[in-house]
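Computed over heavy atoms, backbone and side chain alike; hydrogens, waters and symmetry mates excluded.
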Amino acid sequence: MNIRRSVAALSLCAALGAAAAPAAVADDGPAGRAEGLYGAKDPKFDGVWRQSLALLAQDAVGVTPAKSAIDWLAGQSCEDGGFAAYRADTSKRCDPEKGEYTDATAAAVQALAAVGGRSGTVEKGIGWLKRHQNEDGGWGMNPGGPSDANSTAAAVGAFAATGQDPAKVTSASGEGASGKGGKTPYDALLGLQLDCSAKAEERGAFAYTAAKGKPVANELATASAALAAQGKGFVFETVGKDGGAEPKPMRCAGGKGGAGSPEDAAEAALAHLSRVMSDTDAHLKSAMPGAKDQPDFGGTADAVVALAAGEHSAAAGKPLQWLQSKDSGAAAWAKGDPGALAKLILAAHAAGADPRDFGGADLVRQLTATGPKPEAAAPGAESDGNGKGEEKKDDDDGVGGVWWTVGVCAVAGMGIGFLLSGRKRRQL
């Protein structure tokens, strides 16, 4: 639920305006990192998002995050339960109309629910999401904004992570898929899927939002919606279906019809993603306007997670192998970046691969090196940068000591905006 998706931050950056001066930070490790925060770069646009993904990734692989990291994220909560992209001064009130975001709130809820111990903050976050659900059953990036696939998918993940059935989360009016009360998140999502009236190569894809005129297929929206239509968030339990089966494309007869259920919608979306990646050497390409023909690593990781959630291990394995290959450039893309590293870890974990040996790189140790020392590593695992056990050398990845610092400096200006980003621009 792309998180961020998600997994969408360039549009968020535009909404927030030009970058401000870097927030004051306390010395908590390399590059004067803020206490408890992952990553050395200015968190203005992505602090909550990258922190949430980092906590989720660590928890998924059995690493107990540092208390300071959990405290940092919980401390970003606004009084009404929502989350901003980042609050430099948590004593100041949030702007409930413009300063709080569905994606940040939903990601934080998933992370805090996973690590435990912050039930009050989680409940307030869920309450915020319920209060800001649109009449069509979905969510926009900001309260009251038009529903979009990525924000709606992130919200679905938050409800799933807290044990709530997204199909029972209904808006105030309308007739939902459940037949009772208002519209559900699935109503909103299915309304954004391209049906049998679309071109054959676009059927099953999702648009980012309902635009004037014909909907435009968006691969990041498709990956996020495919996961959410299965009722799942960034981390999930599998049920052991036939992992070798290929996703089922949308059933069409004479150019009419579409997905009749969330399950069918998810399958059609996964079939679309598999088809697109089969034409591009097993990865998604950047759809940014004016961008060079280049891979979209975050989007590809999101697609792996969605395919793995659907128990299509063979289909998920192909893009995962591409991400692991040294020729792909994914390792360089993620180096020193907690959000990017977390995305790769979550993709590997979902598809049954070992994130501690991801094409020869230990992603878990790289991630923990960007933040405060964990409380504990997974039982039996090698040291994850917390000072316990024997440190494993990883010269190829430049993690540790001087070379780690050099790596961080090299990527410090690259933002993690892609995680919340590009969504609106990709729709244009």
Notebook entry, point to check: To the nearest 0.5 Å, how far apart are CG in Leu73 and CZ in Arg50?
Noted result: 12.0 Å

Notebook entry, point to check: Between the main-chain N or O of Gln76 and the side-chain N or O of Thr90, is there a donor-acceptor pair closer than 3.5 Å?
Noted result: no

Note to self: So, taking the atom named CG in Leu129 and the one named CZ in Phe159, what distance separates them when rounded to the nearest 0.5 Å?
What the structure shows: 5.0 Å

Check: Between atom OH of Tyr86 and atom CG of Leu37, what is the distance when rounded to the nearest 0.5 Å?
Finding: 7.5 Å

Notebook entry, point to check: Is a side-chain donor-acceptor pair under 3.5 Å present for Ser286 with Asp296?
Noted result: no

Check: How would you list, by chain and number, every residue that makes a side-chain hydrogen bond (donor to acceptor under 3.5 Å, both in side chains) with Asp59, sequence neighbours excluded?
Finding: none

Checklist line | Gly204 backbone acceptor or donor facing Gln193 side chain under 3.5 Å | finding: yes

Notebook entry, point to check: Short question: side chain of His349, backbone of Ala60 - any donor-acceptor pair under 3.5 Å?
Noted result: yes

Notebook entry, point to check: Does the ring centre of Trp128 sit less than 6.0 Å away from the ring centre of Tyr101?
Noted result: no

Next item on the list: For the residue pair Leu307 and Pro247, establish whether any side-chain heavy-atom pair is separated by less than 4.5 Å.
Entry: yes

Check: Where do Val48 and Ala84 come nearest, in terms of heavy atoms and distance?
Finding: CG2-O, 3.3 Å

Note to self: Keeping Ser224 on the side-chain end and Ala221 on the backbone end, is there a donor-acceptor pair under 3.5 Å?
What the structure shows: no

Check: Any side-chain heavy-atom pair from Met277 and Leu284 closer than 4.5 angstrom?
Finding: yes

Next item on the list: Check whether any side-chain N or O of Gln230 sits under 3.5 Å from a backbone N or O of Ala306 as a donor-acceptor pair, and report yes or no.
Entry: yes

Checklist line | Check against side chain to side chain contact (heavy atoms under 4.5 Å, CB included), Cys196 and Met250 | finding: CA-CA 8 Å; Cys196 294; Met250 185 174 287; 3.9 Å; yes

Notebook entry, point to check: Between Ala351 and Val304, what is the shortest heavy-atom contact and its length?
Noted result: CB-CG1, 4.0 Å

Margin query: Is it the case that the side chain of Ser151 and the backbone of Asp148 share a donor-acceptor pair, with hydrogens and angles ignored and the cut-off at 3.5 Å?
Written below: no

Note to self: Which residues pass the side-chain hydrogen bond (donor to acceptor under 3.5 Å, both in side chains) test with Ser147, not counting sequence neighbours?
What the structure shows: Asn134, Asp136

Checklist line | Atom pair OG/CG of Ser171 and Asp187 - distance to nearest 0.5 Å | finding: 8.0 Å

Next item on the list: Return yes if some donor-acceptor pair links the side-chain N/O of Lys232 with the main-chain N/O of Ala309 below 3.5 Å, else return no.
Entry: yes

Next item on the list: Identify the two heavy atoms, one from Ala158 and one from Ala106, that lie closest to each other, and give their separation to 0.1 Å.
Entry: CB-O, 3.8 Å

Item checked: side chain to side chain contact (heavy atoms under 4.5 Å, CB included) evaluation trace for His312 with Leu273 -> CA-CA 12 Å; His312 299 295; Leu273 289 172; over 6 Å; no

Next item on the list: Drop me the distance from Ser313's OG to Lys318's NZ, to the nearest 0.5 angstrom.
Entry: 11.0 Å

Check: Quick one: are Leu323 and His283 in side-chain contact, heavy atoms under 4.5 Å?
Finding: no

Notebook entry, point to check: Looking only at heavy atoms, what is the nearest atom pair of Trp322 and Ala282, with distance?
Noted result: CB-O, 3.9 Å

Next item on the list: Begin from the C-alpha positions of Cys252 and Arg203 and carry the test side chain to side chain contact (heavy atoms under 4.5 Å, CB included) through to its verdict.
Entry: CA-CA 9 Å; Cys252 296; Arg203 293 171 184 170; 3.9 Å; yes

Next item on the list: For the residue pair Leu344 and Phe297, establish whether any side-chain heavy-atom pair is separated by less than 4.5 Å.
Entry: no

Notebook entry, point to check: Could you go step by step and tell me if Ile70 and Glu375 meet the side chain to side chain contact (heavy atoms under 4.5 Å, CB included) rule?
Noted result: CA-CA 11 Å; Ile70 300 171; Glu375 296 294 323; over 6 Å; no

Next item on the list: Return yes if a side-chain donor-acceptor contact under 3.5 Å exists between Gln51 and Trp72, otherwise no.
Entry: no

Notebook entry, point to check: From Leu341 CG over to Thr368 OG1, what is the distance, rounded to the nearest 0.5 angstrom?
Noted result: 9.5 Å

Check: Under a 4.5 Å cut-off applied to non-hydrogen side-chain atoms, are Leu194 and His272 in contact?
Finding: no

Notebook entry, point to check: Does a salt bridge link Glu201 with Arg275, judged by any charged N lying under 4.0 Å from a carboxylate O?
Noted result: no

Note to self: I need the single residue from Leu56, Thr162, Val122 that forms a side-chain contact (heavy atoms from CB on, under 4.5 Å) with Gln110. Which is it?
What the structure shows: Leu56

Next item on the list: Determine the minimum heavy-atom distance between Gln133 and Val169, stating which atoms define it.
Entry: NE2-O, 3.1 Å

Next item on the list: Would you mind reporting whether Cys78 and Phe83 have side-chain heavy atoms less than 4.5 Å apart?
Entry: no

Checklist line | Check: Thr105 and His132 side chains under 4.5 Å, non-hydrogen atoms | finding: no

Note to self: Using side-chain heavy atoms (C-beta onward) and a distance below 4.5 Å, is Tyr38 in contact with Leu55?
What the structure shows: yes

Margin query: To check you understand the geometry: which heavy-atom pair defines the closest contact between Tyr208 and Leu192, and what is its length?
Written below: O-CD1, 3.9 Å

Notebook entry, point to check: More than 12 heavy atoms of other residues, nucleotides or ligands under 6.0 Å from CZ of Arg93: is that the case?
Noted result: no

Margin query: Between Thr152 (side chain only) and Pro185 (backbone N and O only), is there a donor and an acceptor less than 3.5 Å apart?
Written below: no

